[in-house]
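Data first, discussion second: the structure below is written as structure tokens.
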Amino acid sequence: MTNEFLINNFQKMIVNNFSYQFKFFTLGLSLQLLMFALPSLAQSESVTSKANLSEQFIFQENFEPPGEPEPKSETVGAGSRDGLRCSENEQPIRPLMPKRNFGLTFQDHPPVFISLPKTSAQKVVLTFRDETGNYYERTFLPITASGGIVSFTQPKEKTPLTIGKNYEWSLVVVCGKTVQPDDPIFKGWVQRVAKTTKVDRELSQLTTIGQANWYAQRGYWYEMLMIIEKAKKAEPKNTQLK
């Protein structure tokens with residue numbers, strides 16, 4: 001089955017949401033479509049399908065959170081390192097974000113996911129800013145794993161995101177001992193939404209794949225990645241997840 005065949009069939013699944021006049025998509029009955037290519041902030045590109053979430057991830061490029069459009073800003077920093085990597089001997093680092101670079105979350109401290117190949121870097125800087133550009137929280141975090149998909153989260157003692165507000169996060173991969181202007185940097189937008197008991201009831205009645213679809217159809221990018229990664233680690237031999 002070719003990449004073109006999968007993409008063409010996947011795009012046919014987009015439907016109109018008359019409430020928000022945005023296009024939502026459905027992921028279908030299998031997560032295999034989710035693990036077909038890894039999106040970048042600049043463009044979506046195909047990769048070899050290996051059915052392994054720890055190596056790659058796909059998301060339909062028409063992913064559209066509901067409500068007003070996201071705030072506008074540069075999607076990547078102006079770093080000059082070749083291919084957003086720490087050295088020419090390393091593979092490029094890629095963020096996991098939809099084409100619009102914006103997603104919703106229920107989390108007060110949402111995780112930021114990137115595809116991080118083996119790297120000489122030992123830490124990152126995760127920063128959240130409000131829509132005015134002011135610092136909200138900034139934290140140095142150690143790199144404890146590489147060679148696959150990893151996530152970074154602000155510690156619980158940090159100020160939680162305020163419900164209903166947009167925040168821009170930036171993740172700098174520190175290649176040396178201190179942050180340099182040409183270190184790889186990635187940016188994205190997130191808005192925290194209040195979680196209701198109705199939502200909890202709906203999710204409790206769904207399978208893992210059902211929950212992933214629920215999050216995806218409603219724009220909850222960060223939760224979608226969280227539940228798929230969690231399920232994949234808990235059930236590495238689950239052929240349906242693969």
Side-chain angles (χ1 to χ4, degrees), residues 38-42 57 59 63 65 67-87 90 92-117 119-146 148-193 219-226 229:
L38 180 68
S40 66
L41 293 177
F57 195 88
F59 199 84
F63 178 91
E68 297 180 359
E70 71 285 356
K72 301 298 181 184
S73 74
E74 294 182 1
T75 57
V76 295
S80 61
R81 292 189 188 275
D82 177 39
L84 293 178
R85 70 190 89 190
C86 284
S87 77
E90 298 178 3
I93 303 166
R94 300 179 185 276
L96 271 66
M97 286 296 290
K99 185 177 180 179
R100 279 181 57 192
N101 206 31
F102 175 64
L104 305 178
T105 186
F106 291 126
Q107 304 297 311
D108 51 5
H109 297 89
V112 172
F113 284 84
I114 62 173
S115 176
L116 183 65
T119 179
S120 57
Q122 297 182 354
K123 59 186 174 182
V124 300
V125 183
L126 178 59
T127 302
F128 283 82
R129 294 181 176 86
D130 60 24
E131 287 192 72
T132 65
N134 294 323
Y135 278 108
Y136 193 74
E137 283 293 355
R138 183 169 182 260
T139 309
F140 282 83
L141 299 169
I143 294 176
T144 58
S146 62
I149 291 176
V150 298
S151 64
F152 297 95
T153 308
Q154 293 275 10
K156 288 297 183 183
E157 61 267 21
K158 295 292 185 177
T159 307
L161 301 188
T162 300
I163 292 173
K165 290 188 176 181
N166 293 321
Y167 295 90
E168 183 183 41
W169 58 259
S170 63
L171 185 75
V172 179
V173 179
V174 184
C175 294
K177 293 183 179 180
T178 60
V179 178
Q180 299 298 317
D182 59 349
D183 282 340
I185 179 172
F186 308 96
K187 297 182 180 182
W189 285 93
V190 60
Q191 181 186 123
R192 183 185 174 192
V193 178
Y220 292 92
W221 175 265
Y222 299 86
E223 274 73 10
M224 186 196 69
L225 294 184
M226 287 172 61
E229 181 70 359

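Fair warning: this is a prediction, and the values are worked out from it, not measured in the lab. Starting from 1, each residue takes its place in the sequence as its number.
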Task: Pairwise distance CZ(Phe113) to CE(Met97) - rounded to 0.5 angstrom - done: 11.5 Å

TODO: Run through Leu171, Val172, Ile93 and flag the one making a side-chain contact (heavy atoms from CB on, under 4.5 Å) with Ile185.
DONE: Val172

Task: Shortest non-hydrogen separation from Ile114 to Pro95 and the atoms involved - done: CG2-CA, 3.9 Å

- [ ] Output all residues satisfying side chain to side chain donor-acceptor pair (under 3.5 Å) with Thr132, sequence neighbours left out; order by chain, then residue number.
- [x] Asp130, Asn134

TODO: Identify the heavy atoms of Glu223 and Thr105 that sit nearest to each other, and give their distance.
DONE: OE2-OG1, 2.9 Å

Task: Stepwise side-chain hydrogen bond (donor to acceptor under 3.5 Å, both in side chains) check, Tyr135 with Arg129 - done: CA-CA 5 Å; Tyr135 278 108; Arg129 294 181 176 86; 3.1 Å; yes

Open item on the list: Is the shortest side-chain heavy-atom distance between Trp189 and Arg100 below 4.5 Å?
Closed with: no

Task: Side chain proximity check, Asp183 to Cys175, heavy atoms < 4.5 angstrom - done: yes

Open item on the list: How close do Thr127 and Arg138 get, counting heavy atoms only, and between which atoms?
Closed with: OG1-CG, 3.2 Å

Task: Any side-chain heavy-atom pair of Val193 and Phe106 under 4.5 Å - done: yes

Open item on the list: Under the rule for salt bridge (Lys or Arg N to Asp or Glu O under 4.0 Å), what residues qualify as partners of Glu137, not counting sequence neighbours?
Closed with: Lys158

Task: side chain to side chain donor-acceptor pair (under 3.5 Å) partners of Thr119, counting only residues at least two apart - done: Glu90

Open item on the list: For Leu141, give me all partners under side-chain contact (heavy atoms from CB on, under 4.5 Å), at least two apart in sequence or on another chain.
Closed with: Val124, Leu126, Thr139, Phe152, Pro155

- [ ] To the nearest 0.5 Å, tell me how far Arg192 CZ sits from Gln107 CD.
- [x] 8.5 Å

Open item on the list: If you compare all heavy atoms of Pro117 against all heavy atoms of Ser146, which two are closest, and at what distance to 0.1 Å?
Closed with: O-CB, 3.6 Å

- [ ] Answer yes or no: is there a donor N or O on one side and an acceptor on the other, between the side chain of Trp221 and the main chain of Leu96, under 3.5 Å?
- [x] yes

- [ ] Compare every heavy atom of Pro111 with every heavy atom of Tyr222, then report the nearest pair and how far apart it is.
- [x] CD2-O, 3.2 Å

Task: Note, Val112 side chain near Phe186 side chain (heavy atom, < 4.5 Å) - done: no

Open item on the list: Over 60° means perpendicular and under 30° means parallel, so tell me whether Tyr136 and Tyr167 are parallel, tilted or perpendicular.
Closed with: tilted

Task: Residue list, side-chain contact (heavy atoms from CB on, under 4.5 Å) with Lys156, at least two apart or on another chain - done: Asp108, His109

Task: Thr153: partners by side chain to side chain donor-acceptor pair (under 3.5 Å), with sequence neighbours left out - done: none

Open item on the list: Can a donor-acceptor pair be found, under 3.5 Å and without considering hydrogens, that links the side chain of Glu168 to the backbone of Lys187?
Closed with: no

TODO: Please report the closest heavy-atom contact between Gly188 and Asn101, naming both atoms and the distance.
DONE: CA-ND2, 3.5 Å

- [ ] Would you please say whether a donor-acceptor pair under 3.5 Å links the side chains of Gln180 and Thr178?
- [x] yes

